Protein chains: 2
Amino acid sequence: MNRSGSTKERILAAAETLFAQRGFDGASLRQLTSDAGVNLAAVNYHFGSKEKLVEQVFRRRLDTLNAQRLAALARVAGQPETRLEDVLDAFIRPALELSHEDSGSLFMRVLARAFAEHDDSLRKFLSENYGHVMRQFTAEFARLLPQLSKEELYWRIDLVTGALTHAMSGFGMIQRKSDVSERTHREQTVAHLTRFAAAGLRAGA
Amino acid sequence: MNRSGSTKERILAAAETLFAQRGFDGASLRQLTSDAGVNLAAVNYHFGSKEKLVEQVFRRRLDTLNAQRLAALARVAGQPETRLEDVLDAFIRPALELSHEDSGSLFMRVLARAFAEHDDSLRKFLSENYGHVMRQFTAEFARLLPQLSKEELYWRIDLVTGALTHAMSGFGMIQRKSDVSERTHREQTVAHLTRFAAAGLRAGA
DNA sequence: GTCTATACTCTGATAGAC
DNA sequence: GTCTATCAGAGTATAGAC
């Protein structure tokens with residue numbers, strides 16, 4: 001039972017952990033509130049419903065993550081010497097850094113699960129709140145890949161998204177070996193993802 | 001209410017439809033058995049549990065799908081003139097053909113959802129029953145990409161799997177235009193997926 | 001405002017009559 | 001093989017204590 005922080009914060013922390021471990025449906029509010037050391041009804045009082053709680057778990061992390069992505073994008077967007085790999089790096093690296101924090105790795109599992117589950121209301125929430133991030137990246141991809149039609153570009157970005165989501169979910173084969181430092185492993189992972197995605201985006205060019 | 005076929009078959013058909021529409025947790029056995037025109041308890045009598053019913057919904061389609069994949073692979077595996085694109089085609093085309101059948105498209109959504117949800121028991125079932133298919137394809141990829149280390153090959157196949165799963169789930173941007181025939185659209189989709197995946201697999205080669 | 005106790009409906013599962 | 005009745009556990013809503 002976690003007794004540090006406010007009731008809301010304790011619920012959010014317990015929810016992130018439990019959602020990552022058991023999924024959104026698998027995590028019951030009774031278990032969750034018990035872990036957080038709060039009353040069952042506190043979830044509905046503070047968040048309105050389990051679904052809204054899920055959204056807040058996302059917002060807490062994604063606001064930071066996407067701000068970092070846009071800051072990284074701003075450093076390379078529109079520059080004449082920018083390579084495709086630089087844009088992919090701006091998108092991938094913040095997510096991977098988050099996934100290697102203590103509790104961040106749990107969150108990346110939650111995030112990948114959410115993208116994957118195709119829950120319409122959750123996707124709508126993500127699209128409404130963070131769609132502008134994807135649009136900015138798409139515009140820069142379009143600048144660097146002028147030979148692709150709009151349809152082809154959307155298609156390939158969609159495939160890249162699928163690959164990245166899958167890889168970041170933690171269920172891939174990416175595993176750090178004991179003789180490789182955390183930092184080195186992360187750099188290798190970024191390099192792997194970036195190389196694959198860049199080649200796919202450039203296919204046939 | 002569907003009244004054709006045996007009780008088991010009516011349950012399986014109703015389950016495939018409802019799982020695709022609402023997900024595994026979102027589809028209640030009460031709704032499902034009502035749609036099938038059978039008693040609530042019939043699911044547990046015929047299948048043992050909701051989870052086993054899910055497995056049978058998969059087995060009914062995957063046995064055929066993976067047999068087609070292996071047959072297509074056998075036609076190109078080990079041949080000196082085989083290209084990477086031929087192997088990818090053998091993997092992708094059967095899935096896309098299934099996804100364009102009347103009820104098959106529903107199943108592809110169910111399948112993508114299952115891969116995505118990271119449900120451990122379901123993944124274990126899929127791995128135990130169809131892992132040999134992935135192993136045969138991996139062996140052929142290894143033959144055609146000898147410059148890749150084992151680790152790199154597994155990595156890239158994992159990324160390809162993520163991209164394809166995402167695309168086939170029906171939530172991508174793939175939409176047939178009214179002036180394109182169903183068959184033409186499918187061919188375009190296969191071509192798109194194959195080109196992207198082949199470029200990603202060959203990256204840096 | 002914050003929190004708790006409690007009850008209501010719906011879920012999957014199961015025992016036992018037929 | 002099928003159905004009814006029933007169960008424990010789920011999310012949710014609310015009255016009322018502090």
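Here is how names work: the chains are called A, B, and so on, in the same order as the sequence lines, proteins then strands, and each is numbered from 1. Quantities reported herein were computed from a predicted structural model and do not represent experimental measurements.
Whole-Å rounding puts the Glu51(B) CD to dA13(C) C1' distance at 13 Å. Whole-Å rounding puts the Phe24(A) CZ to dG11(D) C1' distance at 16 Å. In this structure, the CG atom of Asn44(B) is 14 Å from the P atom of dT2(D), given to the nearest Å. The CZ-P distance, from Arg22(A) to dG11(D), rounds to 12 Å in whole Å. Asp25(A) has its CG atom 18 Å from the P atom of dG9(D), to the nearest Å. Rounded to whole Å, the distance from CD1 on Ile11(B) to P on dG12(C) is 13 Å. A straight line from NZ of Lys50(A) to P of dT11(C) spans 15 Å, rounded to a whole angstrom.
For the salt bridge (charged side-chain N to carboxylate O under 4.0 Å, His left out) test, no residue two or more places apart in sequence or in another chain qualifies with Asp35(B). Scanning for salt bridge (charged side-chain N to carboxylate O under 4.0 Å, His left out) contacts around Arg60(A) gives Glu16(A), with sequence neighbours left out. Legend: residues meeting side chain to side chain contact (heavy atoms under 4.5 Å, CB included) with Asn44(A), ordered by chain and number and at least two apart, are Ser49(A).
Residue pairs that meet the salt bridge (charged side-chain N to carboxylate O under 4.0 Å, His left out) test with at least one member in residues 187-199 of chain A, sequence neighbours left out, are Arg93(A)-Glu187(A).
The cationic atom of Lys8(A) (NZ for Lys, CZ for Arg) lies less than 6.0 Å from the six-membered ring centre of Phe47(A) and within 45° of the ring axis.
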Task: Reading 5' to 3' through nucleotides 3-10 of chain C, protein heavy-atom contacts under 4.0 Å coded B for base, S for sugar-phosphate only, - for none - done: BBB-----
Enumerate donor-acceptor pairs with a distance under 3.5 Å from any side-chain N or O in residues 131-142 of chain A to protein atoms, sequence neighbours excluded.
| residue | atom | partner | partner atom | Å |
| --- | --- | --- | --- | --- |
| Thr138(A) | OG1 | Met134(A) | O | 2.8 |
| Glu140(A) | OE1 | Gly78(A) | N | 3.3 |
| Glu140(A) | OE1 | Arg143(A) | NE | 3.3 |
| Glu140(A) | OE2 | Gly78(A) | N | 3.2 |
| Glu140(A) | OE2 | Arg143(A) | NE | 3.1 |
| Glu140(A) | OE2 | Arg143(A) | NH2 | 2.8 |

